[in-house]
Amino acid sequence: MRLFVSEGAPGSLPVLAAAGRAQGRAELLISTVGPEVCVVPFLTWPKVPVLQLDSGNYLFSTSAICRYFFLLSGWEQDDLTNQWLEWEATELQPALSAALYYLVVQGKKGEDVLGPVRKALTHIDQSLSRRSCPFLAGETESLADIVLWGALYPLLQDPAYLPEELGALHSWFQTLSSQEPCQRAAETVLKQQGVLALRPYLQKQPQPGSFEGRAVSNEPEEEELATLSEEEIAMAVTAWEKGLESLPPLRPQQNPVLPVAGERNVLITSALPYVNNVPHLGNLIGCVLSADVFARYSRLRQWNTLYLCGTDEYGTATETKAMEEGLTPQEICDKYHAIHADIYRWFNISFDIFGRTTTPQQTKITQDIFQRLLTRGFVLQDTVEQLRCERCARFLADRFVEGVCPFCGYEEARGDQCDKCGKLINATELKKPQCKVCRSCPVVKSSRHLFLDLPKLEKRLEEWLGKTLPGSDWTPNARFIIRSWLRDGLKPRCITRDLKWGTPVPLEGFEDKVFYVWFDATIGYLSITANYTDQWERWWKNPEQVNLYQFMAKDNVPFHGLVFPCSALGAEDNYTLVNHLIATEYLNYEDGKFSKSRGVGVFGDMAQDTGIPADIWRFYLLYIRPEGQDSAFSWTDMLLKNNSELLNNLGNFINRAGMFVSKFFGGYVPEMVLTSDDRRLLAHVTLELQHYHQLLEKVRIREALRSILTISRHGNQYIQVNEPWKRIKGSEADRQRAGTVTGLAVNIAALLSVMLQPYMPTVSATIQAQLQLPPPACSVLLTNFLCTLPAGHQIGTVSPLFQKLENDQIESLRQRFGGDQARAPPPPAVVGAVAAAAPWQVQVLTDEVTKQGNIVRELKAQKADKNQVAAEVAKLLDLKKQLALAEGKPLETPKGKKKK
């Protein structure tokens with residue numbers, strides 16, 4: 001067989017990728033020809049790609065060639081794949097051709113290019129999301145995936161044309177783009193020129209006619225309602241009617257939490273933050289906040305869940321910080337551990353354990369793993385050329401050295417890794433190295449060290465990955481990073497350092513050295529658990545019963561997905577290894593990076609001083625979570641999301657639903673007589689709830705948040721269409737209709753309060769207190785929408801959930817965190833802003849405010865003496881002030897009445 005392709009011909013991309021999959025199945029010669037060459041003798045116009053079969057026949061459509069290669073690989077045809085191929089030819093190709101022509105030939109940008117294909121991209125994203133499968137036709141890659149990927153790659157390889165909100169499409173595209181056959185195809189066709197490589201081909205194509213895309217708006221699009229079957233509607237109504245009786249008994253709380261045979265035991269870790277600094281918003285979303293959402297969700301599912309984290313306290317970074325601040329390493333650890341704990345407490349992170357690595361258990365477990373590796377022949381000794389500072393009279397550990405990166409030329413690369421290109425570096429490879437302490441130029445000298453023999457462990461790692469990755473929820477970037485390490489071949493990795501602050505090496509001749517933090521930091525998860533319970537091995541030596549989820553930013557992937565698994569596999573002690581490695585990309589700040597030294601960006605301890613509640617920070621960080629690519633924190637966008645999604649959408653709906661119960665029905669949920677439209681709404685809410693579950697089970701946190709907002713939008717539209725405030729004044733039938741709409745709306749609000757709990761726990765608890773949601777319904781989230789507030793249920797006092805963020809407030813914060821605040825005087829304290837009180841204290845004050853409000857209303861209704869009313873109003877205002885302080889909210893300056 002002979003395959004004819006052409007550089008710059010978009011159809012060549014998928015056929016080369018498909019040919020790569022079929023490699024070795026048949027003898028194939030690939031020829032690159034010019035676009036003018038007429039390969040097929042009976043075609044009027046030149047056409048590539050073309051596959052000339054051994055029989056002398058030709059295939060000359062992209063999908064036919066790809067299909068042939070897939071059939072060679074043993075692939076069996078299916079109807080869904082054929083449907084996707086038909087859609088690609090009739091819907092996607094015309095839109096894509098127009099978009100590429102506008103971009104490459106006419107030089108258009110932005111929405112002019114994206115407009116024609118937006119609907120098609122959304123269709124792919126929604127199909128992937130609803131099926132909750134990684135590929136278009138199921139759990140494994142199919143012909144449809146390769147054909148669509150090849151068609152889309154020239155456009156979507158530029159992140160500007162891959163809409164951020166299409167998370168499922170992001171994951172699918174990144175997964176395929178990271179595969180070797182696809183990478184080789186892209187290199188062959190685009191020749192590192194990107195989409196511009198297609199210009200000669202596209203210039204010969206006819207100009208596309210006007211392509212009418214949808215009008216562009218910054219407002220959230222109205223959700224398209226899925227088509228529902230009568231069976232789906234009937235099932236949703238049946239589940240609704242069962243109500244609270246459907247809820248399972250709450251699982252008893254354990255202390256300590258230990259695995260239980262026969263249950264789903266979920267162990268969750270977030271990457272241990274270095275103790276020597278204050279975490280910024282990017283650190284929070286990359287590790288602890290993302291893990292917290294999943295931990296809270298796991299508990300709502302009644303899974304047996306343990307969530308742990310702690311400060312990573314050994315190593316060069318700590319010694320460096322101690323020298324800077326004139327403290328001992330232990331004093332630095334004590335100081336910053338407390339800072340970290342306070343920040344995570346304010347952000348309401350629900351750790352079961354927040355520990356530290358400077359413990360006897362850390363030494364014991366690390367040394368045991370090392371001894372087992374040594375005994376089994378997985379530790380090497382070698383002499384290492386190291387940098388030594390003669391002025392400081394010591395060998396310089398990696399982080400005591402800075403210089404120019406040998407790979408990318410970045411001038412502030414560390415001696416272990418370049419922050420710009422991400423490559424690992426040996427300190428001696430740095431150009432123009434400097435000692436960080438005294439800024440002198442170090443010299444190269446020899447020192448003897450220990451190495452983990454990764455090449456000897458590579459086969460075990462490959463076998464473990466082969467069993468673990470299929471069907472797991474490793475993120476595409478984590479898979480790509482580990483594959484790239486393996487593709488380059490593993491090399492022995494040094495696991496000791498010439499330091500004093502670290503875990504001692506228990507080997508003769510190495511008493512003056514400690515373990516490298518990258519070897520023993522991941523062992524910190526085990527030692528932190530061991531300090532929590534002496535039965536720690538039931539979690540960490542129990543892979544048959546424990547499901548391990550590990551959350552981190554992408555720079556931590558090699559140590560969790562490769563170094564620790566190799567150490568554990570080599571130790572041969574039945575360690576629990578990561579089942580699901582969840583890695584984010586990076587979060588930037590506005591147009592740059594976070595920098596404590598330059599005063600750029602919001603750090604954890606500063607967020608508390610802005611007057612913006614922790615739940616608003618949580619919501620926005622999770623809304624922009626960098627799942628498929630890097631994202632950026634933006635003050636303007638935070639204002640928009642708060643005021644549109646929280647205040648106008650979510651808060652507006654929940655407040656209206658509760659207020660209608662209070663105002664029209666005396667605080668009691670009215671009778672509900674469901675119409676066919678109501679039943680259909682029940683089914684739509686159920687469908688979106690199930691979609692939320694599917695996404696969170698796959699740890700697609702940002703997308704699942706959209707499901708909450710979608711349900712809220714459905715609720716707002718339902719209220720707006722049915723107008724209960726008008727119907728309550730009408731006939732008996734109208735009043736009954738107002739009651740049904742109000743009852744259904746307040747039950748949707750109750751459901752949203754539980755769905756919100758992983759994201760905004762304080763707001764969730766506030767809604768549940770206002771609605772007096774029964775405790776069992778607050779702690780369990782099933783996959784069906786239940787009636788948890790039946791007719792006759794009495795709700796509490798309803799009040800607004802969110803405050804508007806103003807432009808001048810946000811502009812002030814932007815300036816404050818735009819640079820140099822590290823050297824600026826501390827900002828004035830927000831009046832009345834204090835740390836939030838315990839939930840029970842808030843609840844007591846809420847009840848007092850409700851009671852006092854009722855007293856004031858009764859006095860006014862009785863037209864009591866003005867002085868008596870004024871005295872009770874003063875009491876009410878004082879209670880509200882106490883409540884605001886307890887909730888950690890800033891006090892508002894009283895506004896005088898306007899004169900008429």
Report yes or no: is the cationic atom of K554 (NZ for Lys, CZ for Arg) under 6.0 Å from the centre of the six-membered ring of Y586, at an angle within 45° of the ring normal? yes
Heavy atoms only: give me the nearest P761-R296 pair and the separation to one decimal. CB-NH1, 3.5 Å
Might you point out which heavy atoms bring S567 and L373 nearest each other, and give the distance in Å? O-CD2, 3.5 Å
Which atom pairs, one a donor and one an acceptor, fall under 3.5 Å between side chains of residues 480-493 and the rest of the protein, sequence neighbours left out?
| unit_1 | atom_1 | unit_2 | atom_2 | d |
| --- | --- | --- | --- | --- |
| S484 | OG | F480 | O | 3.4 |
| S484 | OG | I481 | O | 2.7 |
| K491 | NZ | G489 | O | 3.4 |

Over 60° means perpendicular and under 30° means parallel, so classify the ring planes of F633 and Y589, tilted if in between. parallel
Which label fits Y525 and H560: parallel for a plane angle under 30°, tilted from 30 to 60°, or perpendicular past 60°? tilted
Please report the interatomic distance [atom1]([X]) to [atom2]([Y]), rounded to the nearest 0.5 Å.
X: T357; Y: I365; atom1: OG1; atom2: CD1; answer: 12.0 Å
X: E263; Y: N304; atom1: CD; atom2: CG; answer: 5.5 Å
X: I523; Y: W540; atom1: CD1; atom2: CH2; answer: 11.0 Å
X: L562; Y: W464; atom1: CG; atom2: CH2; answer: 8.5 Å
X: K698; Y: S171; atom1: NZ; atom2: OG; answer: 11.0 Å

Has D312 got a side-chain atom pairing as donor or acceptor with P273's backbone, closer than 3.5 angstrom? no
Does Y759 offer a backbone N or O that forms a donor-acceptor pair with the side chain of R618 under 3.5 Å? yes
Which ring-ring contact (aromatic ring centres under 6.0 Å, His included) pairs, counting each pair once, include a residue from residues 308-342, with sequence neighbours left out? Y314-W501, H337-F354, H340-Y344
Between R299 and D352, is there a salt bridge with N-O shorter than 4.0 Å? yes
Sequence neighbours excluded - salt bridge (Lys or Arg N to Asp or Glu O under 4.0 Å) pairs with any residue from [range]:
range: residues 271-287; value: none
range: residues 557-571; value: none
range: residues 516-538; value: E537-K541

Aromatic ring proximity, centroids under 6.0 angstrom, F519 and F559: no
Residues which pass salt bridge (charged side-chain N to carboxylate O under 4.0 Å, His left out) with [X], listed by chain and number, not counting sequence neighbours:
X: D368; value: none
X: K321; value: E324, E325
X: R479; value: none
X: R448; value: none

Show every side-chain hydrogen bond (donor to acceptor under 3.5 Å, both in side chains) that has at least one partner inside residues 450-463, sequence neighbours left out. R460-E572
Apply the side-chain contact (heavy atoms from CB on, under 4.5 Å) test between L548 and each candidate in T269, L577, V266; give the one that qualifies. T269
Can you list the residues that meet the side chain to side chain contact (heavy atoms under 4.5 Å, CB included) rule with P256, with sequence neighbours excluded? L258, Y532, T533
With sequence neighbours excluded, tell me which residues meet side chain to side chain contact (heavy atoms under 4.5 Å, CB included) with A607. W346, F347, V602, W617
